[in-house]
S.K.: 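My structure is below; once you've seen it, I'll send some questions.
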Amino acid sequence: MASICPCCHKGSFYVKNPHLDLMDEDILYHLDLGTKTHNLPAMFGDIKFVCVGGSPNRMKAFAQFMHKELGLEGDGKDIKDICAGTDRYSMYKVGPVLSISHGMGVPSISIMLHELIKLLHHAKCCDVTIIRIGTSGGLGIEPGSVVITDIAVDSFFKPQFEQVILDNVVVRSTELDRDLAEELLEYSRECKDFPTLLGHTMCTYDFYEGQGRLDGALCSFSHEKKLEYLKRAYNAGVRNIEMESTVFAAMCRLCGLKAAVVCVTLLNRLEGDQIRAPHEVLVEYQQRPQKLISVFIKKRLGLWNAQKLIDNVVV
């Protein structure tokens, strides 16, 4: 079921569920939106960029940052949470940019993406780019580095996402848009105060044992086994580890959405498990993907003039 662009009359992305056509109303429960209760085309029809990230506060800060970067009226401090009626996710709209939190882990981002993609479909959006911006553990690279994902891989370093549907294991490709990744890497040259690179991103189902940490409530392996695994991951091309990229890549690819993952690293996992950087350093790290995406959006909109980026994102 294609979403048709009203301007060019071409399919821009797909909602692959024939059952939606049989529904009198679609309630996007976790977003506190619906096709009968809200005029979704009027509210969201002009969206061209969707940025998603784990933390509600971080995505609000990003929305306020983009409000200023795009030169919109007002100071953005009173920006409205569109999903205020639910405690699951937060959503903010600034011009053609939608900023949404997705929580932590595959299940949480999966639920949000199902409803987000349906929202874009019902709103008749077209030519949409979606980017996950977040934090991650680095692998063999300097903390504070920004990794643009070229391939999202699972814990076996395979570019796939496995999901149990009914009683079947369904395997889906996690291929991301290569041209978009290269474009982001090119624009990273405008952000000279932090390193940016392309690399594989490994997605796990857990923060502790699943990522080879020794500091969880449970641990069934040795320090030597941990390092052996992480070094194999590095040799396979993995440069950072997080918990959302494979399902994000798989769902966006199936629905024809151009997607990218851009995450900053908070530590080098080859050197330790716990994040020890001071709070103010971590805050600055978290702003780095936001600055890169701001350059990307402004260049796409023809607003970039090589001006110095704002030093401090509102938090």
Side-chain angles (χ1 to χ4, degrees), residues 51-69 75-77 79 90 92 99-105 108-109 131-149 184 188-197 199 201-204 206-217 219 223 226-227 230-231 233-234 238-245 261-295 308-315:
C51 297
V52 306
S55 164
N57 287 338
R58 192 185 310 141
M59 298 319 293
K60 180 178 182 179
F62 175 70
Q64 292 173 326
F65 177 51
M66 287 308 307
H67 187 279
K68 190 167 186 178
E69 285 286 279
D75 58 12
K77 291 182 179 179
I79 191 168
S90 294
Y92 304 92
S99 178
I100 314 172
S101 68
H102 59 59
M104 186 180 293
S108 184
I109 192 174
I131 302 174
R132 168 169 141 68
I133 55 177
T135 58
S136 62
L139 208 55
I141 58 177
E142 177 186 349
S145 300
V146 172
V147 178
I148 301 169
T149 305
L184 288 165
S188 72
R189 297 171 185 168
E190 305 288 352
C191 305
K192 303 182 187 302
D193 53 340
F194 54 85
T196 304
L197 64 145
T201 296
M202 183 168 72
C203 177
T204 68
D206 169 52
F207 184 82
Y208 286 98
E209 286 187 294
Q211 294 189 14
R213 278 185 161 86
L214 302 173
D215 59 345
C219 188
H223 177 73
K226 163 202 162 178
L227 284 180
L230 292 181
K231 287 177 181 177
Y234 180 87
V238 174
R239 293 297 177 266
N240 65 330
I241 307 170
E242 44 88 277
M243 296 186 290
E244 293 87 16
S245 59
V261 179
V262 181
C263 291
V264 69
T265 58
L266 303 183
L267 77 168
N268 180 359
R269 287 295 319 289
L270 293 176
E271 297 178 352
D273 294 334
Q274 296 201 334
I275 300 169
R276 300 183 181 278
H279 174 73
E280 60 272 15
V281 173
L282 295 177
V283 169
E284 193 278 322
Y285 282 175
Q286 292 173 26
Q287 294 169 3
R288 293 180 176 187
Q290 300 183 26
K291 291 180 178 181
L292 173 55
I293 300 311
S294 169
V295 174
K308 184 178 179 182
L309 280 169
I310 295 173
D311 291 330
N312 296 308
V313 180
V314 180
V315 292

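Everything quoted here is computed from the prediction, not taken from an experiment.
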S.K.: Can you find a pair of side-chain heavy atoms, one from S99 and one from K60, that are under 4.5 Å apart?
M.R.: no

S.K.: Would you say the side chain of V283 lies within less than 4.5 Å of the side chain of Q287, judging by non-hydrogen atoms?
M.R.: yes

S.K.: Could you tell me the separation between the CD atom of E271 and the CZ atom of R276, rounded to the nearest 0.5 Å?
M.R.: 12.0 Å

S.K.: Going by heavy atoms in the side chains, are K226 and D273 under 4.5 Å from each other?
M.R.: yes

S.K.: Under a 4.5 Å cut-off applied to non-hydrogen side-chain atoms, are I133 and M59 in contact?
M.R.: yes

S.K.: Indicate the atoms forming the closest heavy-atom contact of P56 with Y92, along with that distance.
M.R.: O-CE1, 4.4 Å

S.K.: Can you give me the closest heavy-atom contact between T265 and Y285, atom names plus distance?
M.R.: O-CD1, 4.0 Å

S.K.: Please identify each residue that fulfils side-chain contact (heavy atoms from CB on, under 4.5 Å) with Y234, with sequence neighbours left out.
M.R.: L139, R239

S.K.: If you round to the nearest 0.5 Å, how far is CG of L292 from OG1 of T196?
M.R.: 6.0 Å

S.K.: I'd like to check I293 versus F62 (side-chain heavy atoms, cut-off strictly below 4.5 Å). Are they in contact?
M.R.: yes

S.K.: Could you give the distance from OG (S245) to CE (M202), rounded to the nearest 0.5 Å?
M.R.: 9.5 Å

S.K.: What is the distance from atom CG of L214 to atom CD of E209, rounded to the nearest 0.5 Å?
M.R.: 10.0 Å

S.K.: Minimum heavy-atom separation for I109 and R132, please, with both atom names.
M.R.: CD1-CD, 4.4 Å

S.K.: At their closest point, which heavy atom of E242 faces which heavy atom of Q211, and how far apart are they?
M.R.: O-NE2, 4.0 Å

S.K.: Do any N or O atoms from the side chain of R269 and from the backbone of I241 form a donor-acceptor pair under 3.5 angstrom?
M.R.: no

S.K.: Residues two or more places apart in sequence or in another chain: which of them pass salt bridge (charged side-chain N to carboxylate O under 4.0 Å, His left out) with R58?
M.R.: none

S.K.: Hey, does the side chain of S101 reach the backbone of G103 with a donor-acceptor pair shorter than 3.5 angstrom?
M.R.: no

S.K.: Report yes if some heavy atom in the side chain of K231 is under 4.5 Å from a heavy atom in the side chain of L270; otherwise report no.
M.R.: yes

S.K.: Scan for side-chain hydrogen bond (donor to acceptor under 3.5 Å, both in side chains) pairs involving residues 134-146, sequence neighbours excluded, and state none if there are none.
M.R.: S136-N240

S.K.: Between atom CG of D193 and atom CZ of R288, what is the distance when rounded to the nearest 0.5 Å?
M.R.: 6.5 Å

S.K.: Could you give the distance from NE2 (H67) to NZ (K77), rounded to the nearest 0.5 Å?
M.R.: 12.0 Å

S.K.: Pair C191, V295 - check side-chain contact (heavy atoms from CB on, under 4.5 Å), show working.
M.R.: CA-CA 8 Å; C191 305; V295 174; 4.1 Å; yes

